[in-house]
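What follows is a set of notes on a single structure, which appears directly below.
Every chain is numbered from 1 and lettered A, B, ... according to where its sequence line falls, protein lines coming before strand lines.
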There are 2 protein chains.
Amino acid sequence: MKINKGVEWAAHACSLLGPLWPDKGLPLSALAEFHELPEAYMAKQMQALSRAGIVKGGRGRNGFYVLSKSPKEITLLDILLAVDGNEPMFVCTEIRQNGPCAQASEDCTSPCGIAAHFARAERQYRASLEKIDLESLNAGVISDLSPDNLRDAADWLSENHRTLG
Amino acid sequence: MKINKGVEWAAHACSLLGPLWPDKGLPLSALAEFHELPEAYMAKQMQALSRAGIVKGGRGRNGFYVLSKSPKEITLLDILLAVDGNEPMFVCTEIRQNGPCAQASEDCTSPCGIAAHFARAERQYRASLEKIDLESLNAGVISDLSPDNLRDAADWLSENHRTLG
DNA sequence: GAGAGGCTACTCGGATATTCTCTGTCCGAGTAAATCTGG
DNA sequence: CCAGATTTACTCGGACAGAGAATATCCGAGTAGCCTCTC
């Protein structure tokens with residue numbers, strides 16, 4: 001029940017890309033360097049985001065990543081599902097249909113009670129993350145920065161960002 | 001982010017033990033056989049429950065498992081944490097303290113915004129499972145049984161249960 | 001026949017292999033910019 | 001000097017190993033009941 005480490009990286013990366021949207025972005029190398037992450041593995045996470053349609057990666061010499069939607073339309077849940085997969089945490093193997101007192105499968109119209117409770121909990125988990133969009137996420141992250149840090153980051157980004165077209 | 005398969009087994013096992021509490025229980029062999037599960041691996045799950053203080057396993061020739069508390073005091077969350085471990089799903093590696101614009105660790109008094117949101121979601125997940133105690137869980141499971149199944153199960157349990165000394 | 005002691009059979013508990021997913025890495029596909037060549 | 005084709009350098013994308021955890025299994029520790037032996 002551990003979330004992939006890549007989710008954290010992807011979330012931070014999207015947080016960086018948020019303020020640059022819609023016409024600016026960052027190459028993989030910058031996204032990795034900003035947080036001192038291994039570029040090759042960071043690529044894997046960005047690919048996952050790309051496949052999920054959260055970011056768009058222009059290929060070629062001047063390629064870089066841009067958010068493919070407004071930061072308001074991207075939620076933490078989207079990022080989690082993109083990187084970690086959207087399989088449910090709890091998978092019911094219907095063991096109630098096994099053994100000496102097995103329930104007939106035609107009697108199992110409603111899901112197993114245990115599975116139902118886990119599913120409900122998971123829905124609440126997802127709902128909680130669904131509420132956090134990239135815009136509000138960024139507001140929170142930035143408010144934690146010291147004025148010096150904020151200026152440093154802004155400078156660094158302006159040096160490394162790239163523009164579409 | 002997948003929950004251990006053993007959690008399902010453990011939950012069903014506790015569900016069987018609930019109505020037998022406080023003076024009756026079932027040996028591992030019965031718990032495994034009832035749902036046609038591999039006994040050796042089922043043992044692992046019961047050991048985890050035992051270590052967490054949810055069940056008590058009497059050793060020796062006539063040993064068997066009994067709930068160690070009232071079914072009302074045991075929640076789905078307890079079972080989940082016992083079998084799956086109580087590590088948080090999302091672990092923040094503080095990558096904000098890395099890289100060219102790293103935040104100084106003394107500035108990081110409040111947790112990283114991203115981690116905070118995941119933590120909040122996880123609290124809601126746990127809270128949802130915390131509400132389900134074994135008694136209400138059993139009520140749900142039993143209500144899904146057909147009358148025939150219910151009788152079969154009752155008979156089988158009365159044949160296989162064991163009573164404290 | 002009764003009691004005590006020892007033995008056996010059966011149970012739980014922890015330590016041990018095996019499989020699978022996550023983690024980490026590499027090389028190929030693709031494109032924009034720079035270069036070169038001919039006019 | 002300029003336009004166009006070509007080369008080049010740099011980027012993302014998917015395929016490929018290694019590590020760690022989950023899965024599955026086995027053997028040892030422990031106890032209740034049974035058997036035997038003795039009185």
Side-chain angles (χ1 to χ4, degrees), chain A residues 1-10 13 17 25-33 36-66 68 80 82-85 87 89-91 93 95 160-165, chain B residues 1-10 13 17 25-33 36-66 68 80 82-85 87 89-91 93 95 160-165:
Chain A
M1 188 156 145
K2 220 185 63 188
I3 291 178
N4 281 7
K5 182 192 296 189
V7 172
E8 182 187 11
W9 303 2
L17 292 177
L26 292 168
L28 173 65
S29 57
L31 289 170
E33 189 190 347
E36 226 171 280
L37 301 172
E39 191 172 320
Y41 191 28
M42 182 71 185
K44 210 176 170 50
Q45 319 310 329
M46 297 310 294
Q47 286 163 30
L49 291 176
S50 176
R51 269 193 296 272
I54 294 174
V55 302
K56 246 181 332 193
R59 299 182 72 161
R61 173 169 179 143
N62 201 31
F64 56 96
Y65 286 105
V66 193
S68 56
L80 173 67
V83 176
D84 204 56
E87 303 289 314
M89 306 188 208
F90 184 92
V91 288
T93 59
I95 61 176
N160 291 89
H161 80 79
R162 295 186 187 172
T163 309
L164 281 172
Chain B
M1 189 154 146
K2 221 185 62 188
I3 291 178
N4 281 6
K5 182 191 296 188
V7 172
E8 182 186 12
W9 303 2
L17 292 177
L26 292 167
L28 174 65
S29 58
L31 288 170
E33 188 190 348
E36 227 171 280
L37 301 171
E39 190 172 320
Y41 191 27
M42 182 71 184
K44 206 174 172 53
Q45 320 309 331
M46 297 310 294
Q47 286 162 29
L49 292 176
S50 175
R51 270 194 295 272
I54 293 174
V55 302
K56 245 182 332 195
R59 299 182 71 159
R61 174 170 177 138
N62 201 30
F64 56 95
Y65 287 104
V66 194
S68 55
L80 173 68
V83 175
D84 204 56
E87 302 289 315
M89 305 188 209
F90 184 92
V91 288
T93 58
I95 60 176
N160 290 89
H161 80 79
R162 295 183 185 173
T163 309
L164 282 173

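Rounded to whole Å, the distance from OH on B:Tyr41 to P on C:dC20 is 13 Å. The separation between B:Leu164 atom CG and D:dA32 atom P is 11 Å, rounded to whole Å. As a whole-Å value, the separation of B:Glu36 CD from D:dA24 C1' is 17 Å. Atom CD of A:Gln45 is separated from atom C1' of D:dG13 by 14 Å (rounded to the nearest Å).
Proximity of a side-chain donor or acceptor of A:Asp84 to a complementary backbone N or O of A:Asn4 within less than 3.5 Å is detected.
The closest side-chain donor-acceptor pair between A:Glu8 and B:Thr93 falls under 3.5 angstrom.
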**Message:** I need a per-nucleotide contact map over nucleotides 7-18 of chain C, read 5' to 3'. Cutoff is protein heavy atoms under 4.0 Å; write B for the base, S for backbone only, - otherwise.
**Reply:** --BBBBBB----
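The side-chain heavy atoms of A:Phe64 and A:Ser29, taken from C-beta on, include no pair separated by under 4.5 Å. For the pair B:Ile3/B:Val83, no side-chain contact is recorded, criterion being any heavy-atom separation below 4.5 Å from C-beta on.
The two residues B:Phe90 and A:Val7 come nearest to each other via the heavy atoms CE1-CG1, 4.3 Å.
For residues 45-64 of chain A, the pairs satisfying side chain to side chain donor-acceptor pair (under 3.5 Å) are A:Asn62-A:Arg162, with sequence neighbours left out.
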